[in-house]
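Each remark here refers to the structure printed beneath this line.
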Amino acid sequence: MTFALRVAQSFVLAIAAACALVATDARAAGNAGPADAFALLDLNRPGLEQVKREVEARDYDAAAAALLEYFRQRGAGRPPDYGNEEFPVDAAQKPDPATVELADNALLHRFKPHKGYGFFDYGADIDWQHWPIKDNEVRWQLHRVKWWGAMAQVYRDTRDERYARQWMAQFSDWRRKNPPDGPTSPYAWRPLEVSDRVMSLTTTFHSFVGSPSMTPAFLVEFLASYHQQADYLPGHYASEGNHRLFEAQRLLLAGAFFPEFKRASAWRKSGIEVLNQEIGKQVYADGIQYELSPAYHLASIDIFLKAYATARKAGLESEFPASYRRIVANMVHAYFDFSLPDYNPPMFGDAWLGEKSAYLKRFQSWLAAFPDDPAIRYFASDTTQGSPPAHLSKGLTVGGFYTFRSGWTPDSTVLVLKASPPGKFHAQPDNGTFELWVDGRNFMPDSGVYVYSGDAEVMKLRNWYRQTRVHNTLTLDDADMRITQAALRAWQPDGDVQVLSYVNPSYAGLDHQRTVLFVDRKYFLVLDRASGPATGKLGTHYALREDSDPVLDARRNLAHTRYADGNNLLVQNFDGGEAAMREEEGKVSYSYRKESPRPAFVFEKQKTGAAPGDFVTVLFPYRGPTPPSIRLVRNAGNDPERGLIDLTVVVDGKRRRLRASTTSSDPAASAVAHAAGGGSRP
């Protein structure tokens, strides 16, 4: 028998089994009879009168037929609402080739659980325990069954009944083989996966309910299983983090999409209560979500707004206090403050790059929620309407993201640095790391994430990207910092010399103070001080973009890029004689399971006693093929111990004196930073 024939045979068997469910397993959770399935519904709702009459007459076949007709009429004439999906779909557009490929492979039980991998064969008799790649995301996301949504999209476009029949067969197969107490429960019934199904099944059901292949018996099976999954969530929410937000948002959706369930109002109430509680716990006063990962900051904004939109459609927006929307608006503005001119955020923690078109769609959804906000309109219109924020440099001082910015356009100079409290879940041991954008180019992207979790081999791959030494910050003996617990010393975001200074207790017996000066909105001085009794090898690490083709000059302690367009960067350390430059392994990952080698280097010196170890490094953007000649003079008034900076930078013979204080987090107190004397500016 051919594989295709076996698959076709499985269609017939599955549909036959579904037809028998009204009498044998209607509830999908045990051995209850059909009356129990209808007991889940509020039969007093308008439109369900015929269903109620048939149930009261104990004619459950007729009741199921009437219920199917009700849902067909309910969904007739309107497209599915994809507004709650992680990646919204335009229901008016034809499915793209990737969606068609996903749907067609699914007909053959070739599933693609995760976008970072290809298709895997799960067999004619689907093996839901198959784990082809020992990445936990593959095992978890298999049970998000994303290809069902693809099958629904292609069905709407083609009306090819193969997709409807196969979806019903797979749904019945999944339900039967994956009970909550079965061997797959740790991943099939992880609440995040349950919530993902609860969300996506709304649009899938909407697309298939009008199919002539849909039977009353399957409808009863589907509703009983959907109810079981949605009702699972209130007692199994994740204890904290973005998972808890996703689960609450999607439970609210379940109650809004299926108001016919008696439990629908309780689901809506539960979701709203959790979101109202968590927005106060998970969002700092400066608008940053406490996992300190820009990717999950973005996701959290979308969760909060989608939940509000769902509640509004259900007439429940008054269940959210006015502060809810203010907090979300603050999160939106925080994102603009720490993002780069291509709309990507820095890849701090578990974060990755996105396409500008996707960001614009996201911003437009934010604008729909806040239509009177000129800054959101500015970004949502790709800078053609509205107005940018009135400020440039910005410190989000609770979450610890600090941005030096010369402007809001792509030709601006922008440096975003992380000096944060301990992060949740997706953060990394990386305080001090930064990304630097100049005139349309991100010269120093953070390393990224590469992969999440899995067996020992997968965790080895993940942990490489989590190392402190692969970030743009300081290490002791190349070890990971023990904690991210930055204490702000100075933040002065205005003037010709802007200042950030903080201290992090990075290692036992060693505090790392990093001070960054943004000079004339053109270049940066990075001053690192390692204080405390600990001894060992200190290193300040830097990594460049993978295509930078740099010159690495260990004799002069400098590196400079060689871009043909003339937009280049010089990184030079001024501790010659004490610090030595060494090339080291560098990699960057912009998307899941994709990585590229890249140039990386470190300036190192030994700390042999209690005396602090200091580094001074310049990040100097320049035009043309040849970097400038730069010298640093430490003036008599330079006293890092007392928090006084007094340096002269000499660029191609032109002197620039820089004086600043790093002893106060009060902007007024640290405003002594200023330019003084010494000739013309570079």
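None of these values were measured; they are calculated from a predicted model. The chain is numbered in sequence order, starting from 1.
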Do [Y] and [X] have ring centroids that are under 6.0 Å from one another?
X      : Y      : value
Tyr359 : Tyr343 : no
Tyr563 : Phe443 : yes
Phe336 : Phe379 : yes
Trp491 : Tyr402 : yes
Tyr452 : His426 : yes

Those residues at least two apart in sequence (or on a different chain) that pass side-chain hydrogen bond (donor to acceptor under 3.5 Å, both in side chains) with Tyr284 are none
Would the distance check show the side chain of [X] and the main-chain N or O of [Y] forming a donor-acceptor pair, the cut-off being under 3.5 Å?
X      : Y      : result
Asn431 : Ser420 : yes
Asn504 : Ala486 : yes
Asp511 : Ser506 : no
Ser406 : Thr413 : yes
Asn330 : Ala285 : yes
Arg657 : Thr648 : no
Lys607 : Ala534 : yes
Thr403 : Arg405 : no
Tyr290 : Gly241 : yes
Gln428 : Gly349 : yes

Assess, by modelled atom type and distance only, whether the side chains of [X] and [Y] contain a donor and an acceptor separated by less than 3.5 Å.
X      : Y      : value
Gln492 : Gln498 : no
Asp477 : Tyr507 : no
Thr561 : Asn568 : yes
Ser501 : Gln513 : yes
Asn638 : Asp646 : no
Ser387 : Arg377 : no
Glu435 : Asn442 : yes
Thr409 : Asp411 : yes
His541 : Thr473 : no
Asn573 : Asp575 : yes

Counting only heavy atoms not in [X], do more than 12 sit closer than 6.0 Å to its [atom1] atom?
X      : atom1 : value
Lys537 : NZ    : yes
Glu585 : CD    : yes
Arg623 : CZ    : yes
Arg582 : CZ    : yes

Partner of Phe404 under ring-ring contact (aromatic ring centres under 6.0 Å, His included), picked from Phe518, Phe434, Tyr523, Phe338, is Phe518
Can you list the steps and then say if Phe615 with Leu527 is a side chain to side chain contact (heavy atoms under 4.5 Å, CB included)?
-> CA-CA 6 Å; Phe615 298 83; Leu527 294 79; over 6 Å; no
Note: [X]-[Y] ion pair, threshold 4.0 Å (strictly below):
X      : Y      : value
Arg514 : Asp528 : yes
Arg462 : Asp135 : no
Glu641 : Arg529 : yes
Lys460 : Glu457 : no
Asp382 : Lys356 : yes
Asp520 : Arg656 : yes

Looking at [atom1] of [X] and [atom2] of [Y], how far apart are the two atoms once the value is rounded to the nearest 0.5 Å?
X      : Y      : atom1 : atom2 : value
Thr662 : Asp639 : OG1   : CG    : 9.5 Å
Arg441 : Arg545 : CZ    : CZ    : 6.0 Å
Leu619 : Met444 : CG    : CE    : 5.5 Å
Met481 : Leu474 : CE    : CG    : 7.5 Å
Asn344 : Ser339 : CG    : OG    : 9.0 Å
Gln572 : Thr617 : CD    : OG1   : 9.0 Å

Any side-chain heavy-atom pair of Leu510 and His512 under 4.5 Å: no
For Met581, the side-chain contact (heavy atoms from CB on, under 4.5 Å) test, sequence neighbours excluded, returns Leu552, Ala554, Asn557, Ala559, Phe601, Phe603
Margin query: Here's one to test your reading of the geometry: is the NZ or CZ of Arg362 within 45 degrees of the ring axis of Trp366 and under 6.0 Å from its centre?
Written below: no
### Task
Please assess Asn242 against Glu291 for the test side chain to side chain contact (heavy atoms under 4.5 Å, CB included), listing each intermediate value before the final yes or no.
CA-CA 8 Å; Asn242 70 84; Glu291 291 177 77; 2.9 Å; yes
Take Val588 and Glu595 through the test side chain to side chain contact (heavy atoms under 4.5 Å, CB included) and record every step on the way to the result. CA-CA 6 Å; Val588 64; Glu595 63 182 356; over 6 Å; no
